Visitor: 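Supplied in structure tokens, the structure appears directly below.
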Amino acid sequence: MPDRRVPQGVMREVPMPARELHSTGLLHAPATGIWHGSVDPAHPLAKVFNQWYRQSYVEEGMAFPDPRDRGLDISPKDIQWRWLDQANRPQPSGRKEITIRNFSQVETTQTNS
């Protein structure tokens, strides 16, 4: 069943990308798009940080966001970033389509197993 915000037009569901891309917070983004960050579940701030909305749009070659800039005592080296796709594809009209995915812990567990 889709998230209740999908029919309201607040959020859009998109399929997972065909290729898997991962990076740590110390490296620069290997591809442009939406990236989802998470830390090991044993990390003291995992429950605070590992939320579906921990997503950032990062351009290829740019640094990933540093959670310390937002007051979270998490080192970038502890963050595993997962690429969710290049969501800002130009449409025929020239407008860009921007999407956010509801990225659940269940899905993370299934794809990382």
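Please read all numbers here as calculations on a predicted model, not as lab measurements.
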Visitor: Please work out whether the ring planes of Phe64 and Trp81 are parallel, tilted or perpendicular, with thresholds of 30° and 60°.
Guide: parallel

Visitor: If Ile, Leu, Val, Met, Phe, Trp and Tyr residues are connected whenever their side-chain heavy atoms lie under 4.5 Å apart, and connections chain through other members, are Ile74 and Leu26 in the same group?
Guide: no

Visitor: So how far is it from Arg70 CZ to Arg54 CZ, rounded to the nearest 0.5 Å?
Guide: 8.0 Å

Visitor: Measuring from Gln55:CD to Leu84:CG, what's the distance to the nearest 0.5 Å?
Guide: 5.5 Å

Visitor: Could you grab the distance from atom CZ of Phe49 to atom CG of Asp78, nearest 0.5 Å is fine?
Guide: 10.0 Å

Visitor: Quick one: pull up CZ in Arg82 and NE2 in His22 and give me the separation to the nearest 0.5 Å.
Guide: 5.5 Å

Visitor: Can you confirm whether Ile79 sits close enough to Ser38 that some side-chain heavy atom of one is under 4.5 Å from a side-chain heavy atom of the other?
Guide: no

Visitor: Does Leu72 reach the side chain of Val48, with side-chain heavy atoms less than 4.5 Å apart?
Guide: yes

Visitor: Looking only at non-hydrogen atoms, find the nearest pair between Ser23 and His28 and report the distance.
Guide: OG-O, 4.1 Å

Visitor: If you define the side chain from C-beta out and look only at heavy atoms, does anything of Asp73 sit under 4.5 Å from Pro67?
Guide: no

Visitor: For the atom pair NE2 (His36) and CD (Gln51), what is the distance rounded to the nearest 0.5 Å?
Guide: 8.5 Å

Visitor: Taking all non-hydrogen atoms of both residues, which atom of Val58 and which atom of Ala29 are closest, and how far apart?
Guide: CG1-CB, 3.6 Å

Visitor: Can you tell me how far CD of Gln80 sits from CH2 of Trp35, rounded to the nearest 0.5 angstrom?
Guide: 9.0 Å

